[in-house]
Amino acid sequence: MIEKDPAINVMGTELEPCSNDPVTGFFRDGHCNTCAQDQGSHTVCALMTAEFLAYSKYVGNDLSTPKPEFGFAGLKPGDQWCLCAARFLQAHDEGCPPKVRLAATHMRALDIVPLAILEENAKTQ
């Protein structure tokens, strides 16, 4: 049985939901929960932009094209999604990171992305 890591965000408080429309997360529970089996560390709650979606497709991770056989409608600008921490850091390093919701970003993202970089890209309410 897969055991989730504690649902704590990068600020040390309870992990908030990222998105239920579309439903996101490694567990497809709307949260950026993670576990040892989550090799991609789908822990960063990111707000999709056209620029980021184009970048992600360019580097080989097409998040915008629907894949109905997997129940995936494709993402569009404005959607929130639990993004792989390494992909977020790569986008940051390339100058096109999406905004992030710190309260919905799992603390395990800090294993890959420094808190200062997450804070620099935090979505303001």
Side-chain angles (χ1 to χ4, degrees):
M1 180 162 184
I2 296 176
E3 187 175 328
K4 290 180 187 179
D5 287 2
I8 306 296
N9 64 34
V10 295
M11 299 179 300
T13 58
E14 183 179 343
L15 186 66
E16 292 184 4
C18 182
S19 176
N20 283 308
D21 185 20
V23 177
T24 190
F26 180 77
F27 293 96
R28 291 298 189 262
D29 62 1
H31 291 73
C32 296
N33 282 305
T34 192
C35 64
Q37 291 81 2
D38 179 10
Q39 297 298 311
S41 188
H42 297 79
T43 51
V44 177
C45 182
L47 178 66
M48 297 296 104
T49 63
E51 179 184 34
F52 174 76
L53 289 169
Y55 168 78
S56 191
K57 186 174 185 176
Y58 173 75
V59 295
N61 187 26
D62 183 359
L63 297 171
S64 54
T65 300
K67 295 185 179 52
E69 64 274 23
F70 298 112
F72 181 68
L75 300 178
K76 60 189 179 316
D79 287 342
Q80 293 186 153
W81 193 249
C82 294
L83 194 59
C84 293
R87 177 70 74 211
F88 170 80
L89 185 58
Q90 180 184 21
H92 173 270
D93 291 347
E94 297 283 338
C96 58
K99 291 295 185 187
V100 301
R101 287 195 46 235
L102 297 177
T105 295
H106 197 281
M107 68 178 182
R108 288 285 305 277
L110 298 175
D111 293 348
I112 298 169
V113 183
L115 181 58
I117 290 175
L118 291 169
E119 289 174 335
E120 173 186 327
N121 293 285
K123 177 182 178 234
T124 55
Q125 305 303 54

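Residues take their numbers from the sequence shown, with the count starting at 1. The structure displayed is predicted, hence computed values, not measured ones.
Of all heavy-atom pairs spanning C45 and T105, the tightest one is N-OG1, 3.1 Å. Here the closest heavy-atom approach between residue L47 and residue P98 is recorded as O-CB, 3.2 Å.
In the displayed structure, D21 atom CG is contacted under 6.0 Å by at most 12 heavy atoms of other residues, nucleotides or ligands. The environment of Q37 atom CD is dense: over 12 non-hydrogen atoms of other residues, nucleotides or ligands sit within 6.0 angstrom.
Applying the ring-ring contact (aromatic ring centres under 6.0 Å, His included) test to pairs two or more places apart or on separate chains, those with a residue in residues 65-100 are F72-W81. Sorted by first and then second residue, the disulfide (SG to SG under 2.5 Å) pairs with a member in residues 54-104 read C32-C82; sequence neighbours excluded.
Rounding to the nearest 0.5 Å gives a distance of 11.0 Å between CG of L118 and CG of N9. The distance from atom CG of N33 to atom NE2 of H31, rounded to the nearest 0.5 Å, is 6.5 Å. The distance from the OH atom of Y55 to the CZ atom of R87 is 6.0 Å, given to the nearest 0.5 Å. Here the NE2-CG distance, from H106 to D111, works out to 10.0 Å after rounding to the nearest 0.5 Å.
The salt bridge (Lys or Arg N to Asp or Glu O under 4.0 Å) search around D62 returns none, not counting sequence neighbours. For K67, the salt bridge (Lys or Arg N to Asp or Glu O under 4.0 Å) criterion is met by no residue, not counting sequence neighbours. Partners of K99 under the salt bridge (Lys or Arg N to Asp or Glu O under 4.0 Å) rule, at least two apart in sequence or in another chain, do not exist in this structure.
Looking only at distances, a side-chain donor or acceptor of N121 sits under 3.5 Å from a matching main-chain atom of I117.
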message: Working note: F27 + T34, criterion side chain to side chain contact (heavy atoms under 4.5 Å, CB included); need CA distance, chi angles, decisive distance, verdict.
response: CA-CA 8 Å; F27 293 96; T34 192; 5.7 Å; no
query: Under the side chain to side chain contact (heavy atoms under 4.5 Å, CB included) criterion, do T24 and D79 qualify, and how do the steps go?
result: CA-CA 10 Å; T24 190; D79 287 342; over 6 Å; no
query: Taking it one step at a time, do Q80 and R101 satisfy side chain to side chain contact (heavy atoms under 4.5 Å, CB included)?
result: CA-CA 9 Å; Q80 293 186 153; R101 287 195 46 235; 2.9 Å; yes
query: Going through the distances and angles, do S56 and L63 end up as a side chain to side chain contact (heavy atoms under 4.5 Å, CB included)?
result: CA-CA 7 Å; S56 191; L63 297 171; 3.8 Å; yes
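Other residues sharing the hydrophobic cluster of I8, ordered by chain and number and joined by side-chain separations under 4.5 Å: M107.
Salt-bridge check for D38 with R108: failed, with every basic side-chain N at 4.0 Å or more from each acidic carboxylate O.
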